[in-house]
Amino acid sequence: MTHRSGPEHGLLVLARELAALRARTGLSLDALARRTTASRSSWHRYLNGTLLPPRALVQELCALADEPPGRLLALWDLAAEPGGPPPPPPPPSEPGPRPSRPVRDRARPRLRRPVLTTVLAGGLALAAVLAAVSLPRDSASDSRPEPLRPGCMGAECAGRSSQPQACAIAGSGTRTVAERRPERGPSMDIRYSPFCEASWARIWFGRVGDRVEISAPGQGTRWTEIKDRFDAEGYLSTPMVGGGPEGLRACLILGDTAERHCLTS
């Protein structure tokens, strides 16, 4: 069995983890390029494991996915290690007649031993790093990610989803400015992000056909509807309107009765 180790394998492990983080954000490559300092083509190479991304870019993606950067940065350090162990020796060839010169048989172990020792050491180093980054980490040792820019601001956010624009990420100051939580039936609230200077409404505990909408002065109404059981299992958010938190109006319309329940901020 062939065991891969060293920077080449570390790059593939890093790429796999970065791809998982990108999937968590829900961002396309184009959206990821707009939200970070790398282009779409660069992200394509980074996520395929053909090129090592800048360390700061790993921190940017971690911040977008709300992931502590320590584990990914440890993988980056492994992938960026200069040199690294050589590949393991090829498998033995088919048995054949012994060489006529015995001195070659005596020399072979002396040539192979340093290579095998280096390969084993590289494999152990990779295992140690991967084990270490899976253990609980001291958050104080994690490097702080570079500050992120919002994907949109104010009126630019109108009609866009809050999550891909990083308007609702941890530390953005997003807060609830009005809410409705009945004992039975769907709940709703109005959320405002000072990071993006934009707002949206959410619904949860709803049923298929329930709808929530939000409007702001001088802007059209944005809405979303629960279309299937997957939508009904968690929070469902409207597209954003620019501005807030004052002057917002959100309404919940029940699908079975058309009954309306509205909030203002």
Side-chain angles (χ1 to χ4, degrees), residues 1-93 111-149 151 163-166 169-171:
M1 179 182 297
T2 301
H3 296 278
R4 294 179 298 175
S5 61
E8 181 178 356
H9 181 48
L11 180 59
L12 296 178
V13 174
L14 176 63
R16 182 192 64 194
E17 295 298 320
L18 293 177
L21 283 187
R22 198 270 293 188
R24 186 193 303 178
T25 67
L27 295 172
S28 66
L29 288 181
D30 288 331
L32 194 60
R34 290 194 299 269
R35 293 289 301 113
T36 61
T37 55
S39 67
R40 184 188 190 282
S41 59
S42 294
W43 270 117
H44 181 74
R45 292 191 292 270
Y46 299 149
L47 298 177
N48 281 344
T50 57
L51 187 66
L52 181 68
R55 200 170 194 268
L57 195 62
V58 174
Q59 294 175 297
E60 291 182 43
L61 182 56
C62 286
L64 282 175
D66 196 19
E67 170 77 10
R71 182 174 66 91
L72 273 297
L73 292 179
L75 292 176
W76 187 93
D77 291 338
L78 177 67
E81 180 183 350
S93 58
L111 291 174
R112 291 168 59 89
R113 186 174 301 152
V115 174
L116 181 59
T117 301
T118 304
V119 170
L120 290 175
L124 290 174
L126 174 62
V129 170
L130 294 178
V133 299
S134 65
L135 296 175
R137 302 170 298 279
D138 182 2
S139 59
S141 64
D142 291 342
S143 301
R144 289 184 175 274
E146 294 294 326
L148 290 175
R149 304 178 303 252
Q163 195 67 32
Q165 305 303 319
I169 62 173

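Numbers here are sequence positions counted from 1.
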- Message: Per the ring-ring contact (aromatic ring centres under 6.0 Å, His included) rule, what does the pair list look like for residues 20-41, sequence neighbours excluded?
- Response: none
- Item | Trace of the side-chain contact (heavy atoms from CB on, under 4.5 Å) decision for Leu47 with Leu29 | CA-CA 10 Å; Leu47 298 177; Leu29 288 181; 3.7 Å; yes
- Note on the structure: Rounding to 0.5 Å, atoms CG (Leu32) and CG (Leu21) come to a distance of 10.5 Å
- Item | Interatomic distance, Leu64 atom CG to Arg22 atom CZ [nearest 0.5 angstrom] | 12.0 Å
- Item | Considering all heavy atoms, the nearest Pro69-Cys62 contact | CA-SG, 3.8 Å
- Message: Once rounded to the nearest 0.5 Å, what's the spacing between atom CG of Leu72 and atom CZ of Arg55?
- Response: 10.5 Å
- Item | Side-chain donor/acceptor of Trp76 to backbone N/O of Pro53, under 3.5 Å | yes
- Item | Non-hydrogen atoms of Arg40 and Ala33 that approach each other most closely | N-CB, 3.6 Å
- Message: Nearest 0.5 angstrom please: Leu27 CG to Gln165 CD, how far?
- Response: 8.0 Å
- Task: Would you please name every residue forming a salt bridge (charged side-chain N to carboxylate O under 4.0 Å, His left out) with Arg24, sequence neighbours left out?
- Result: Glu67
- Message: Using 0.5 Å steps for rounding, measure from the CG atom of Leu11 to the CG atom of Asn48.
- Response: 10.5 Å
- Which distance, rounded to the nearest 0.5 Å, do you find between the CG of Leu75 and the CG of Leu12? 12.0 Å
- Within a strict 4.5 Å, meaning less than it, do heavy atoms of the Leu57 and Thr36 side chains meet? yes
- Task: Please report the closest heavy-atom contact between Leu52 and Tyr46, naming both atoms and the distance.
- Result: O-CE2, 3.8 Å
